[in-house]
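The next block holds one structure in the form of structure tokens; read it before the comments.
Not measured: the values here are computed from a predicted model. Each chain gets a letter, A, B and so on, in the order its sequence line appears, and its residues count up from 1.
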Number of protein chains: 2
Amino acid sequence: MYLCSVMGRNVEFDEAAAIQKAMEVFWKKGYNGASLRDLTDAMQINSSSLYNTIGDKQELFVRCVQHYTDLRRQDWDKRLNSNKSPFETLVEYIHEAVGVIINGEDSCMAVKSAFEVATNDQRVKDILIADNDRAYQFLHDLIRNAIKMGEIKTDEDPALLADYFNSTWTGWYESYILHKDPIKIKRMADYFIKQLTK
Amino acid sequence: MYLCSVMGRNVEFDEAAAIQKAMEVFWKKGYNGASLRDLTDAMQINSSSLYNTIGDKQELFVRCVQHYTDLRRQDWDKRLNSNKSPFETLVEYIHEAVGVIINGEDSCMAVKSAFEVATNDQRVKDILIADNDRAYQFLHDLIRNAIKMGEIKTDEDPALLADYFNSTWTGWYESYILHKDPIKIKRMADYFIKQLTK
DNA sequence: TTTTTTTTGAAACAAATGTTTCAGAATTGA
DNA sequence: TCAATTCTGAAACATTTGTTTCAAAAAAAA
């Protein structure tokens, strides 16, 4: 991708940090709502540097979405490799995820991007599909293992339950944007957990 | 709002038809993605006419979202006033809604708008809240009456179930944008109905 | 008809958009 | 050290943006 070939000056700015900053702008304002000035201001670089190293606005957005989903992947991996039981891990995840919805101020970038640009930009769509598949895998593994270990008793297909929760999830964000009602989200989360255990 | 006071020329274009056209553009491209040229081209009016009768871009968008939610309200009213039983109405609605997700090509404008602009535009947010409340009412009425008539047996709170479905709903749109898998949506819908009946 | 008021169409508006240019600064290897 | 190469900053680029202007057209009331 970037070869520090033979000679010349080195890139001055921290690319990873710049992507992080750009991601925050896109996350908040959306793809069309974020201007290049917004972005370069936050990244603290000149547009010439941006176009030299990363590329145009679309390319930058792709990188930001990729970064966003990478962070999620890391979180899921960490949780899967903990020494807690599957069901414990699942419940903890759901509760923490509710916390993210309630305390976060900008909803979920993956969801926002799916609705705003996934239909127009195939590369973004592919990244979001991969992210969604990993979310599904995460839930599916936990539910399946919880059943195997007898923590959950259900005659329902774990694949269906994973799909169902994976999508249910999105609606909680919308609900919270409109109603800003933490209790409502918590009740729905509790209901979902209850469905698993009976 | 508009008084055909005493004298002068009449408005030439059909405002309702123009709003409908503008709505379709916003629906497809989003608020920031739709330019005034896009809009006036579709509406087949000059921008001076737009600014004279309706107002600026924000005002136009508000009217379009209002129009979108009006159409939904009409649909719910019609269904509530049918001579079918509550449960029958509910199941029919869910199935038709699945059909809209699967066959429609632009997801749901209310959902897209919630994620793109509800956090920035209080007027849009208020319209979407009212719409969401009506959707809740619709589901709540049907579930409550179905229980009363013995069509549904559940020890769960109808209010919770209505909330739950009302938000679940949104995730099915995202799922379909990414995976374009009709079976997946149908299975989730069937699972939801099954939850109600047992 | 004439007068009065309003809408329309085309053009123009300033500001903002995404992107490129290029001279000079900086860093590397020789 | 010097030559070679690359990055940076500021400015400029052509478009596109949302919005306004205004003369001409149209229609209602006098």
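Out of C:dT19, D:dA10, C:dT8, the shortest distance to the side chain of B:Ser48 is found at C:dT8. Comparing atom distances between the A:Val11 side chain and each of D:dT8, D:dG9, D:dG18 picks out D:dT8 as nearest. Each of C:dT7, C:dG18, D:dC7 was ranked by its minimum atom distance to the side chain of A:Arg37; first place goes to C:dG18.
As rounded to whole Å, 19 Å separates atom C1' of D:dT19 from atom CZ of B:Phe61. If you take CG of A:Asp56 and C1' of C:dT20, they are 13 Å apart, rounded to a whole angstrom. In this structure, B:Asn46 atom CG and C:dA11 atom P are separated by 11 Å, rounded to whole Å. Taking atom CG of B:Asn32 as the reference point, atom C1' of C:dG18 lies 15 Å away to the nearest angstrom. With rounding to whole Å, A:Leu36 atom CG is found 16 Å from D:dG9 atom C1'. When the C1' atom of C:dT7 is taken as reference, atom CD of B:Gln44 falls 17 Å away, rounded to whole Å. Whole-Å rounding puts the B:Ile45 CD1 to C:dA10 C1' distance at 15 Å. Atom C1' of nucleotide D:dG9 and atom CG of A:Asn52 are separated by 12 Å, given to the nearest angstrom.
A:Ser35 comes within contact range of the sugar-phosphate backbone alone, with a heavy-atom separation under 4.0 Å but no base atom that close. The residue B:Ser47 sits close to a base: some heavy atom pair falls under 4.0 Å.
Contact annotation: B:Tyr51 side-chain N/O to D:dT19 OP1/OP2 distance is under 4.0 Å. Under 4.0 angstrom from either OP1 or OP2 of D:dT8 there lies at least one side-chain N or O belonging to A:Ser49. For C:dT28, the OP1/OP2 oxygens have a side-chain nitrogen or oxygen of A:Asn10 closer than 4.0 Å.
In DNA chain D, the stems built from three or more successive Watson-Crick or G-U pairs (distances below 3.5 Å) are C:1-12 with D:19-30, C:14-17 with D:14-17, C:19-30 with D:1-12.
Atom CD of B:Glu105 has 12 or fewer neighbouring heavy atoms from other residues, nucleotides or ligands inside a 6.0 Å radius. In B:Lys84, the NZ atom is not crowded: 12 or fewer heavy atoms of neighbouring residues, nucleotides or ligands sit closer than 6.0 Å. The 12-atom threshold is not exceeded at CD of B:Gln44, counting heavy atoms of other residues, nucleotides or ligands nearer than 6.0 Å.
In terms of modelled atom types and a separation under 3.5 Å, the side chain of B:Tyr191 and the main chain of A:Leu160 share no donor-acceptor contact.
Mapping B:Thr53 and A:Ala34 onto DNA chain C by nearest heavy atom places B:Thr53 closer to the 5' end of the strand.
Residue pairs meeting the salt bridge (charged side-chain N to carboxylate O under 4.0 Å, His left out) criterion with at least one partner in residues 128-141 of chain B, sequence neighbours excluded, are B:Arg72-B:Asp131, B:Asp141-B:Arg144.
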Yes or no on side chain to side chain contact (heavy atoms under 4.5 Å, CB included) for B:Ile185 and B:Asp181, after CA distance, side-chain angles and deciding distance?
CA-CA 7 Å; B:Ile185 311 299; B:Asp181 184 350; over 6 Å; no
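Tested against B:Phe165, the residues B:Trp172, B:Tyr93, B:Tyr136 include a single ring-ring contact (aromatic ring centres under 6.0 Å, His included) partner, B:Trp172.
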